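Note sheet for the following structure.
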2 protein chains.
Amino acid sequence: MSASSDFSLDMGRCNACAIRHQAVCGVLRDGELVRLNQISRRRTFDVGQVIMTDDDRAEFFANVVSGVIKLAKTLPDGRQQIVGLLFAPDFVGRAYSENNPYFAEAATEVELCCFPRDSFESVLKEYPGLEHRLFERTLDELDSAREWMVLLGRKTAQEKVASFLFLLAKRSRLTGCPHVTATPTPTFELPLTRADIADYLGLTIETVSRQITKLKTTGVIKLLGTQHIAVPDFATLGELAGQEHPAIH
Amino acid sequence: MSASSDFSLDMGRCNACAIRHQAVCGVLRDGELVRLNQISRRRTFDVGQVIMTDDDRAEFFANVVSGVIKLAKTLPDGRQQIVGLLFAPDFVGRAYSENNPYFAEAATEVELCCFPRDSFESVLKEYPGLEHRLFERTLDELDSAREWMVLLGRKTAQEKVASFLFLLAKRSRLTGCPHVTATPTPTFELPLTRADIADYLGLTIETVSRQITKLKTTGVIKLLGTQHIAVPDFATLGELAGQEHPAIH
DNA sequence: CGACATGTTGAACCTCATCAACCGACGTGG
DNA sequence: CCACGTCGGTTGATGAGGTTCAACATGTCG
């Protein structure tokens, strides 16, 4: 509110930040955070708004504060594949490369904490802890990318859709209202349209729709509107997703 | 040959190493390399030999000195997906995680330069440059994994096989005998069996075989035995692979 | 030479893509 | 206020691409 450059004020935004400790900034001590706080800037994006393109140089890095971003790649003839979804404390941007190879778009309304490219890279050089944290995050992203390769290459349409919903159901149980200890029926909003889900799962809109109705009629999930989903039968959703029960050989 | 612990001898193996400068060790100065040289140990693996499993803790990290390793993931019912291939200067192992989530197997005869897990992790802490190099490599791996997601999710069998062969053809032009400047006809050995190729491309053995014969009969590639491939028509192979010509909009 | 692994080829089948119609929600303008 | 177009989603009919099952070819090793 005031223009004072007093130390505690320089930290204000970060201290109030909802993702302060989960995001990459989490490793930084208060003193170090000041640097990031100074260069950071909040920005919001509407649904469908492009955040980064794959042709020209990305001018910033960012933390996702709220909302969902889809990372996509497109073939010359227009076929598209979503190669990753970014949720709340995730980091956006490809370090150490002039042009990031993906195309990032807001899947829902998105709030970002942005850092200008050059400033962030110099902060990165100064604080090895920050780079380390980013490294760990990248390793996790690599793991999930490879997990998804199994889905794309080897799972059936049924399993693909079940896996996707199962993933979101798991998320909703973790991040969902913490005052509800046992969640009997995981419930969540689909952050993607049918078209996006299709591009994420390597399917068509129609197959996605059919598989969802199938899950609905068998009673594994419940639809309330097109985007709101409840999972009364979490266990069988997991089984349909494959992958679970790490082999009962 | 001798047991002298003289400095230059401690460096002997690394100095003679074929991948000394391309591998992650490349960032280390001579003095620093001594540490790695002391803990490293050469090991060879036969075709089909398991290098790391996905259930128990990996006891070492390694650089690939020669040969090809396949990283795979398997579903409970046996369906398999190869999620990455490791070639000559690549690094093997998942840092900062107790159990690596993949299953690594020698696709050809493989020679590794192995580092015991704990020793390597302490070297990693001492030399931030080494971690940085590993980070960059991981980012590249993430890029290729996502590239492969497009292939798995959106390309046809024809395009998948063409992409795979195109990839190897490009590699052979880069790493191939450096005394031949212009390679008119890229030529290489397939490091994978048909079954492995199928698991890499998310197809069946039969489809892979059929697509390869199709490419052979159209004259885009030539087969000399089952594993040896020549690519007289590199350009159309690239076109069939899709992805090329980054959009002529 | 026979056994086994790897690769090829053929035929039938099935999953999923394609094409098309329809529905409901929403927003706009006459 | 209602007709209209649009957009996202669902459902149906049809067919192609890829899997499955099966037979056969080829090569290798004891």
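Heavy atoms only: backbone and side chains are in, while hydrogens, waters and symmetry mates are out. The shown structure was predicted, so the numbers you read here are calculated from the model rather than taken from an experiment.
The nearest whole Å value for the distance from the CG atom in Leu215(B) to the C1' atom in dG7(C) is 16 Å. Atom pair Arg79(B):CZ and dT19(D):C1' shows a separation of 13 Å (rounding to whole Å applied). One atom, CD of Gln211(A), and another, P of dT15(C), lie 11 Å apart when rounded to the nearest Å. Remark: P of dG17(D) and CZ of Arg154(B) are 17 Å apart, rounded to the nearest angstrom. In this structure, Gln158(A) places its CD atom 17 Å from P of dC14(C), rounding to the nearest Å. If you take NE2 of His228(B) and P of dT6(C), they are 21 Å apart, rounded to a whole angstrom. Taking atom NZ of residue Lys160(B) and atom P of nucleotide dT19(D), one finds them 7 Å apart after rounding to whole Å. Atom-to-atom, CD of Glu159(A) to C1' of dC16(C) comes out at 14 Å; the value is rounded to the nearest Å.
In this structure, Arg41(A) forms no cation-pi arrangement with Phe60(A), as its terminal cationic atom is not both closer than 6.0 Å to the ring centre and no more than 45° off the ring axis. Both tests pass for Arg146(A) against the ring of Tyr102(B): distance under 6.0 Å to the centre and angle within 45° of the axis.
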Please list, pair by pair, any protein nitrogen or oxygen found under 3.5 Å from a nitrogen or oxygen in nucleotides 7-14 of chain D.
unit_1, atom_1, unit_2, atom_2, d
dG9(D), OP1, Arg194(A), N, 3.4
dG9(D), OP1, Gln227(A), OE1, 3.2
dG9(D), OP2, Arg194(A), N, 2.9
dT10(D), OP1, Arg194(A), NH2, 3.2
dT10(D), OP2, Arg194(A), NE, 2.8
dT10(D), OP2, Ser209(A), OG, 2.9
dT10(D), O5', Ser209(A), OG, 3.2
dG12(D), N7, Arg210(A), NH1, 2.9
dG12(D), O6, Arg210(A), NH2, 3.2
dA13(D), N6, Arg210(A), NH2, 3.4

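Look at Arg94(B) and Asp140(A) and you find a salt bridge, because one of the NZ, NE, NH1 or NH2 atoms lies within 4.0 Å of a carboxylate O, short of that distance. A salt bridge does not link Lys70(A) to Asp199(A): none of the charged nitrogens lies less than 4.0 Å from a carboxylate oxygen.
A perpendicular orientation is assigned to the rings of Phe164(B) and Tyr200(B), their planes being inclined by more than 60° (bins at 30° and 60°).
Judged by distance alone, the side chain of Thr108(B) and the main-chain N or O of Val68(B) form a donor-acceptor pair under 3.5 Å.
Counting any heavy atom pair closer than 4.0 Å across all strands shown, Gly225(A) reaches no nucleic acid atom.
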